*Asks:* 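Sharing a structure below in structure tokens format, with a few things to ask.
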2 protein chains.
Amino acid sequence: MRAEALKGHLDGLLLAALEEGPLHGYAVKEALCAATGGRIDLPTGTVYPALHRLERAGLIAGSWSVVAGRRRRTYRLTEAGGRALSGERAGWQEFAAAVTTALGARPWPTTS
Amino acid sequence: MRAEALKGHLDGLLLAALEEGPLHGYAVKEALCAATGGRIDLPTGTVYPALHRLERAGLIAGSWSVVAGRRRRTYRLTEAGGRALSGERAGWQEFAAAVTTALGARPWPTTS
DNA sequence: TCGCTATATATAGCGTTGCTACGTATTGGG
DNA sequence: CCCAATACGTAGCAACGCTATATATAGCGA
């Protein structure tokens, strides 16, 4: 997976990971990795700043806790975050359809 | 369509537009706009630098001509460009599948 | 004739974004 | 005892597409 492919689509993935319940940052990264069979394996230097950005935007809300001696910041989706997630999904559908059309996407080279 | 959504996927679209035959820059922009029903309507300040980049990379080859008093730079896909297009398509398939899965969105209808 | 639009190309500067590389700290296994 | 995994964080960077602006011609309507 090319590195820059994700640009502009990361927020939606993070919000989606938090939709089914609160998670801390590291768990979000693991959940995305597991859900995609390792195809989306984000570096922590990508995850944490993105979560901070989403929190600043009011789309997620975080709270500190300590589990097994390690401090954790657990995030939950806010109402605004839920609405944003719906928007991201709709935007993705439209974007993916447009690119698939324009690309004439065939996984295999034209066999003709 | 969010502006930054396209990041990292523009090259493939431009290459795809040139696959069926040489076009000049303005025609590439029009072709993409027409193919997607106006959903991908690139500003010229996006198209021309991108074409220059693809030409520098050897994926397309350009030549000047004059038609109706206006100078045109017509681009054709090189062999390397054809291979790159195949790679872009494969990469798009993988990326789109991963994002669709992680986003929990319905797979887009076609190609099932 | 004048102005507007479409056609056609080009570049400088900007903002956003994800990544690399690093730093801190604890737990637990080899 | 070291090292991996867990868990969080930031600084700096490079890439990319967009905005704004510039140039120039053709053709149309007022």
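Worth saying up front: this structure is predicted, and the values here are computed from it rather than measured.
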*Asks:* Could you tell me the separation between the CG atom of B:Leu51 and the OH atom of B:Tyr75, rounded to the nearest 0.5 Å?
*Replies:*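 Rounded to the nearest 0.5 Å, the CG-OH separation comes out at 5.0 Å.
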*Asks:* Run the salt bridge (Lys or Arg N to Asp or Glu O under 4.0 Å) test against A:Glu55 and tell me which residues pass, sequence neighbours left out.
*Replies:*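 Per chain and number, A:Glu55 pairs via salt bridge (Lys or Arg N to Asp or Glu O under 4.0 Å) with A:Arg73.
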*Asks:* Rounded to the nearest 0.5 Å, how far does CG of A:Leu13 lie from OG1 of A:Thr36?
*Replies:* 8.5 Å
*Asks:* Rounded to the nearest angstrom, tell me the gap between atom CG in B:Leu54 and atom C1' in D:dC16.
*Replies:* 12 Å
*Asks:* Between protein and nucleic acid, restricted to nucleotides 27-30 of chain C and to nitrogen or oxygen atoms under 3.5 Å apart, what atom pairs and distances do you find?
*Replies:*
| unit_1 | atom_1 | unit_2 | atom_2 | d |
| --- | --- | --- | --- | --- |
| C:dT27 | O4' | A:Arg70 | NH2 | 3.0 |

*Asks:* Expressed as a whole number of angstroms, how long is the span from B:Arg72:CZ to D:dA26:P?
*Replies:* 13 Å
*Asks:* Which whole-number value in Å describes the distance from B:Arg56 CZ to D:dA15 C1'?
*Replies:*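 After rounding, the reported distance stands at 12 Å.
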*Asks:* Just checking, any donor-acceptor pair under 3.5 angstrom between side chains of A:Trp64 and A:Thr74?
*Replies:*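 No, no side-chain donor-acceptor pair sits under 3.5 Å.
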*Asks:* To the nearest Å, how far apart are B:Lys29 NZ and C:dT9 P?
*Replies:* 12 Å
*Asks:* Produce a footprint string for nucleotides 17-24 of chain C: one letter per nucleotide, 5' end first; B if the base is under 4.0 Å from any protein heavy atom, S if only the sugar-phosphate is, - if neither.
*Replies:* BSBBB---
*Asks:* Mind listing the side-chain donor-acceptor pairs of residues 38-46 of chain B below 3.5 Å, one per line with the distance, residues two or more places apart or on another chain?
*Replies:*
| unit_1 | atom_1 | unit_2 | atom_2 | d |
| --- | --- | --- | --- | --- |
| B:Asp41 | OD1 | B:Lys29 | NZ | 3.0 |

*Asks:* Please report, rounded to the nearest Å, how far the C1' atom of D:dT10 is from the CD atom of A:Glu55.
*Replies:* 16 Å
*Asks:* Using OP1 and OP2 only, check whether a side-chain N or O of A:Tyr48 sits under 4.0 Å from D:dG9.
*Replies:* no
*Asks:* Going by side chain to side chain donor-acceptor pair (under 3.5 Å), name the residues that satisfy it together with A:Arg71, two or more places apart in sequence or in a different chain.
*Replies:* none
*Asks:* Can you tell me how far the CZ atom of B:Arg76 sits from the CG atom of B:Leu18, to the nearest 0.5 Å?
*Replies:* 11.0 Å
*Asks:* What residues, two or more places apart in sequence or in another chain, satisfy side chain to side chain donor-acceptor pair (under 3.5 Å) together with B:Arg83?
*Replies:*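 Side chain to side chain donor-acceptor pair (under 3.5 Å) check on B:Arg83 returns nothing, list empty.
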*Asks:* Check whether A:Thr78 reaches the backbone of A:Leu59 with its side chain - one donor and one acceptor, N or O, closer than 3.5 Å.
*Replies:*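 The answer is yes, because a donor-acceptor pair under 3.5 Å joins these two groups.
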*Asks:* Expressed in angstrom and rounded to an integer, what is the separation of A:His24 atom NE2 from D:dT6 atom P?
*Replies:*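 Interatomic distance, NE2 of A:His24 to P of D:dT6: 9 Å.
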*Asks:* For the pair made of CH2 in B:Trp64 and P in C:dA8, what is the distance, rounded to whole Å?
*Replies:*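 In whole Å, C:dA8 P lies 12 Å from B:Trp64 CH2.
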*Asks:* Between atom NE2 in B:His52 and atom C1' in D:dG17, what is the gap in whole Å?
*Replies:* 15 Å
